[in-house]
Amino acid sequence: CKFGNHDMNAQLLALAVLPLVGASDKPHIVFFMVDDWGWNDLGVHHRESGAPANEIQTPHIDALIAKGVLLDRAYAYQWCTPTRSSFLSGRLPVHIAYNVGNVCNANEGIPRGMTSIAAKLKEGGYATHQLGKWDAGMSTPTHTPQGRGFDTSLGYFDHENDYFNYRPQTPFNTSGFGGPCPINASLRDLWDTDKPAPGLADGTYEEEILFRRATEIIQAHDTNTPLFLYYAFHIVHAPLEVTDEWLEKYAFIRDSSTRQAYHAMVGYMDAVVGNVTSMLKARGMWDNLLIVSSSDNGGPIYPGGGANNFPLKGGKISDWEGGIRVNSWVSGGFLPPSAVGTKVEGFVHIADWWHTFSHLAGVVPSDPRADKAGLPPPDSLNVWPLVSGANSTSPHTHLHISPNTFIRGQFKVIVGDSGTGFGGPTDQNGWTGPVYPNGTSGTDGRGGISTAAADCRAGCLFNILEDPTEQHDLSATMPAVLSALIAELQMANRTLYDPPVVPNDPKCCVVAETKYGGFIGPFLP
């Protein structure tokens, strides 16, 4: 077993003999970003669905939520790059390059002149580390985690790579996400701070590589210095790969190999969260620790995605609640006792952690560098009063979700229909059941709902507080509300960040082969 209890226990015992030293008054912050995590694939939500309890097992996360805060209405973008760039930059996805998702494109991810949360926390004296999926741009060294303010990083740049051979999964011979490179199956995606990581690319399960580095970081950390650890799991994104030991734990799932692999990966991720938390406790960091976790988007319910957002409608790459309302929670000893065990119903956006963490670090939540460059200012709001229980209402009165979707109060409007290619705002116009995917949902239970996209070209309106599963379109019965929200959406869309369209750069491929020994990395000065 590459990630068995023996290895974990040995690492925890090693930590137990390290000195326990006092923490600063600024909290240690650990942010777990989970990739493609379905709403019903979190234990506390899964139990509410009536599905068999053993299908999804997240005991460590459930325990942390019981000692923390469940964020019931946390929102993100419908897919990964805009969400991750939003978290790191404090901008809404509509104010970054929300429509560019190619590592070989100079405009992917966060605009060069924006200041990341890592850089802000360094202003507050934090040690900063990043692990796992980046997916926020890599065209220049400035775009990499190190360039954005992380002292160290270990992970991959693209949307996904193979968990065992680290090769990008998006084809590098197309003009799509991975292009434009000639066919070359030897290209790999694993980067260690300022260089490729061939010495680590030895066939070990990628999540284990990340956990080993997390162990090293925590062991070496001086707890008198506040820590910021951004731990961005590859799990539960495709390809659905996990070690045999973990797959065997879910062998009772026989009607869908897709669901079996997905649920095993969720279990693996939960074990990592539990063991990272135990290591931090062993260093005496719990009392001053703030843990935040979020999915980057709703779970993918298209064929092969493996996720389940029941009872929410739709999934990843749509603007239905199943695509943008995400699992999120907060825990740690830094929370005031009055907040422990609560559920927050107010709106929280993934961008808000930029301002919130800056506030907790004692730094000004502004970005003069971006102002000077003429870039959009931060949208992030401080949600600490809401999360900590000091305030019962969200600072958000509205959310500009996407160019097609706007929320104000209890009402949500979507304008559009099916997209072309990757997805559209009203695709996946339907619901899954409590157990999904299953033997009736596609070949070998791979999933996929067959309903056509909803026609919302004139606008579809929902009361998402009274009707969170979006069963009832109110556009015909509440035309005045519909018109008002469409007008607000149109006004908000005047602020869209729309950089010039540039082609994917072939230098991305040339530099990978000639400079980095077959690993992708920065390709422009």
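- The closest side-chain heavy-atom distance from Leu70 to Val344 is not below 4.5 Å.
- For the residue pair Thr58 and Asp62, a side-chain donor N or O sits within less than 3.5 Å of a side-chain acceptor on the partner.
- Centroid-to-centroid, the aromatic rings of His234 and Tyr163 come within less than 6.0 Å.
- Taking the six-membered ring for Trp and the full ring otherwise, the centers of Tyr230 and Phe87 sit less than 6.0 Å from each other.
- Between Tyr516 and Trp191, a ring centre-to-centre spacing shorter than 6.0 Å is recorded.
- Of the possible donor and acceptor atoms, one in the side chain of Tyr436 sits under 3.5 Å from a partner among the backbone N and O of Ile301.
- In this structure, the side chain of Trp353 does not engage the main chain of Phe357 through any donor-acceptor pair within 3.5 Å.
- With contacts defined as side-chain heavy-atom distances shorter than 4.5 Å, the pair Met269/Ile61 qualifies.
- A side-chain donor from one of His263 and Glu55 sits under 3.5 Å from a side-chain acceptor of the other.
- With a 6.0 Å radius and a threshold of 12 heavy atoms from other residues, nucleotides or ligands, Gln471 has its CD atom above the threshold.
- The distance between the ring centers of Trp320 and Phe462 falls below 6.0 angstrom.
- Judged by distance alone, the side chain of Ser278 and the main-chain N or O of Gly274 form a donor-acceptor pair under 3.5 Å.
- Using a 4.5 Å cut-off on side-chain heavy atoms (C-beta onward), Arg325 and Leu312 make contact.
- Not one N or O on the side chain of Asn327 forms a donor-acceptor pair closer than 3.5 Å with the backbone of Ser294.
- The shortest side-chain heavy-atom distance between Ile324 and Tyr75 falls under the 4.5 Å cut-off.
- Between Glu470 and Lys412 a salt bridge is recorded (basic side-chain N to carboxylate O distance below 4.0 Å).
- Remark: Glu216 engages Arg213 in a salt bridge (Lys or Arg N to Asp or Glu O under 4.0 Å) (not counting sequence neighbours).
- Phe228 has its ring centre no less than 6.0 Å from the ring centre of Phe31.
- Tested against Phe233 for a side chain to side chain contact (heavy atoms under 4.5 Å, CB included), the candidates Leu210, Val273, Asp35 yield a single pass: Val273.
- Distance alone, capped at 3.5 Å, places no donor-acceptor pair between the Asp189 side chain and the Tyr156 backbone.
- Not a single donor-acceptor pair under 3.5 Å links the side chain of Glu345 to the backbone N or O of Asp72.
- Of the possible donor and acceptor atoms, one in the side chain of Asp270 sits under 3.5 Å from a partner among the backbone N and O of His60.
- Without hydrogens or angle criteria, Asn40 side chain to Pro311 main chain gives no donor-acceptor distance under 3.5 Å.
- Side chains of Asn102 and Glu108 form no contact here, defined as non-hydrogen atoms less than 4.5 Å apart.
- With Thr469 contributing its side chain and Lys313 its backbone, the two residues share no donor-acceptor pair below 3.5 Å.
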request  = Could you go through the side-chain contact (heavy atoms from CB on, under 4.5 Å) check for Phe334 and Leu360 one step at a time?
outcome  = CA-CA 11 Å; Phe334 187 76; Leu360 294 175; 3.9 Å; yes
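- Between the side chain of Arg47 and the main chain of Pro52, no donor-acceptor pair closer than 3.5 Å is present.
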